[in-house]
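In what follows, a single structure is set out as structure tokens and then discussed.
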Amino acid sequence: MIKSILLVDDDTEDAELFSEALSETEASIKFTRAIDGCDAIEILEKGVSPDIIFLDINMPRMNGWECLGKLKSKAAYKDIPVIMYTTSSNQNEKEIAINFGAINFISKPNNFTDLKKILESVIKKDA
């Protein structure tokens, strides 16, 4: 059962929407946000251990591809499931994400209801 989620996304509005949808979907899940890949690694190094990571691609300092590579190359983090969560719907990027170790590639939905459905699906799949 998913008890904690780390969202790595530099877009404040997207993060707030994600947090709100998550709280309406499953309020008991602990939500942590990192603003980019560097921040995500720092959070993990401080002992935060999420059950799953939602990782945006386009971010400053360390983008999602670089972060995914670091996560999958470190023994302490390589088994944390990562879902690439991005505005892109590029099929090639989806294949790259899976090849680099992500468990899924989800294009950010255009509305709140669809976001809740995505979160419900991810949470139920892991239950």
Side-chain angles (χ1 to χ4, degrees):
M1 174 81 176
I2 292 177
K3 295 184 176 130
S4 63
I5 290 176
L6 173 60
L7 172 67
V8 186
D9 194 334
D10 63 316
D11 188 304
T12 301
E13 288 182 21
D14 284 351
E16 288 173 358
L17 192 66
F18 188 100
S19 177
E20 187 177 332
L22 181 61
S23 69
E24 286 189 20
T25 302
E26 185 59 58
S28 67
I29 294 178
K30 183 177 188 260
F31 173 74
T32 305
R33 176 187 174 213
I35 58 171
D36 60 31
C38 291
D39 192 32
I41 299 298
E42 289 171 13
I43 287 170
L44 293 170
E45 287 175 348
K46 289 178 181 173
V48 172
S49 183
D51 294 311
I52 194 162
I53 297 172
F54 281 76
L55 181 59
D56 190 18
I57 293 175
N58 298 313
M59 297 177 291
R61 293 197 306 164
M62 182 189 298
N63 68 36
W65 298 121
E66 294 166 324
C67 185
L68 181 61
K70 283 196 180 274
L71 291 171
K72 295 307 172 184
S73 69
K74 291 191 175 215
Y77 315 131
K78 69 179 178 105
D79 293 329
I80 301 172
V82 177
I83 295 175
M84 301 308 285
Y85 181 67
T86 181
T87 55
S88 174
S89 58
N90 183 314
Q91 186 62 31
N92 188 42
E93 286 185 336
K94 181 176 184 174
E95 290 173 18
I96 292 168
I98 301 303
N99 288 335
F100 278 14
I103 63 165
N104 204 344
F105 184 97
I106 297 174
S107 295
K108 291 180 182 178
N110 294 324
N111 65 64
F112 188 74
T113 302
D114 288 345
L115 177 55
K116 282 178 54 176
K117 286 179 185 174
I118 288 168
L119 291 173
E120 285 171 5
S121 173
V122 169
I123 292 164
K124 285 181 183 175
K125 183 177 182 182
D126 200 75

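All heavy atoms count here, side chains included; hydrogens, waters and symmetry mates do not. Here, residue 1 is the first one in the sequence, and each next residue gets the next number.
- Separating the CD atom in Glu120 from the CG atom in Leu115 is a distance of 10.0 Å, to the nearest 0.5 Å.
- If you chain together hydrophobic residues whose side chains sit under 4.5 Å apart, Phe54 and Ile103 fall into the same group.
- Surrounding CZ of Phe31 are more than 12 heavy atoms belonging to other residues, nucleotides or ligands, all under 6.0 Å away.
- Residues Gln91 and Phe105 form no side-chain contact, since every pair of their non-hydrogen atoms from C-beta on lies 4.5 Å or further apart.
- To the nearest 0.5 Å, atoms CG (Leu22) and NZ (Lys30) are separated by 12.0 Å.
- Using modelled atom types, no side-chain atom of Glu24 and backbone atom of Ala21 make a donor-acceptor pair closer than 3.5 Å.
- Val8 and Ala40 make their closest contact through CG2-CB, 3.6 Å (heavy atoms, listed as atom of the first residue, atom of the second, distance).
- For the pair Ile123 and Ile2, the tightest heavy-atom approach, listed with the atom from each and the gap, is CA-CD1, 4.2 Å.
- Heavy-atom minimum distance, Asn58 versus Asp10: O-OD1, 3.2 Å.
- Taking CD of Glu66 as the start and CG of Leu68 as the end, the distance is 11.0 Å to the nearest 0.5 Å.
- Distance check, rounded to the nearest 0.5 Å: NZ of Lys3 to CD1 of Ile29 gives 10.5 Å.
- Residues Phe18 and Asp11 have side chains not in contact (no heavy-atom distance under 4.5 Å, counting atoms from C-beta outward).
- Looking at Trp65 and Met84, their side chains come closer than 4.5 Å, going by heavy atoms from C-beta outward.
- Under a hydrophobic clustering in which Ile, Leu, Val, Met, Phe, Trp and Tyr are joined whenever their side-chain heavy atoms come within less than 4.5 Å, directly or via other members, Ile80 and Ile83 fall into different clusters.
- The line from OG1 of Thr32 to CD1 of Ile43 is 6.5 Å long, rounded to the nearest 0.5 Å.
- Minimum heavy-atom separation, Asp114 to Pro109: CB-CB, 3.6 Å.
- Within the 3.5 Å criterion, the main-chain N or O of Lys78 finds a donor-acceptor partner in the side chain of Lys72.
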Inset, instruction - Mind running salt bridge (charged side-chain N to carboxylate O under 4.0 Å, His left out) on Asp56 and Lys108 for me, showing each step along the way? - result: CA-CA 9 Å; Asp56 190 18; Lys108 291 180 182 178; 3.7 Å; yes

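- The one candidate from Leu6, Thr12, Asp39, Ile5 that meets the side-chain contact (heavy atoms from CB on, under 4.5 Å) condition with Arg33 is Thr12.
- Between the side chain of Asp36 and the main chain of Met62, no donor-acceptor pair closer than 3.5 Å is present.
- Residues Asp14 and Tyr85 fail the side-chain proximity criterion, which asks for heavy atoms closer than 4.5 Å.
- For the atom pair Asn63 CG and Leu55 CG, the distance stands at 8.5 Å (nearest 0.5 Å).
- For Ile106 against Val122, the heavy-atom pair with the smallest separation is CD1-CG2, 4.3 Å.
- Considering every non-hydrogen atom in both Met59 and Ile35, the closest pair reads SD-O, 4.0 Å.
- Clustering ILVMFWY residues whenever any of their side-chain heavy atoms sit less than 4.5 angstrom apart, transitively, puts Ile98 in a cluster other than the one holding Val82.
- Surrounding NZ of Lys70 are at most 12 heavy atoms belonging to other residues, nucleotides or ligands under 6.0 Å away.
- Between the side chain of Arg61 and the backbone N or O of Gly37 there is no donor-acceptor pair closer than 3.5 Å.
- Counting non-hydrogen atoms of neighbouring residues, nucleotides and ligands closer than 6.0 angstrom, the CG atom of Asn111 exceeds 12 such neighbours.
- Taking hydrophobic clusters as Ile, Leu, Val, Met, Phe, Trp and Tyr residues chained together by side-chain heavy-atom distances below 4.5 Å, Leu71 shares a cluster with Ile96.
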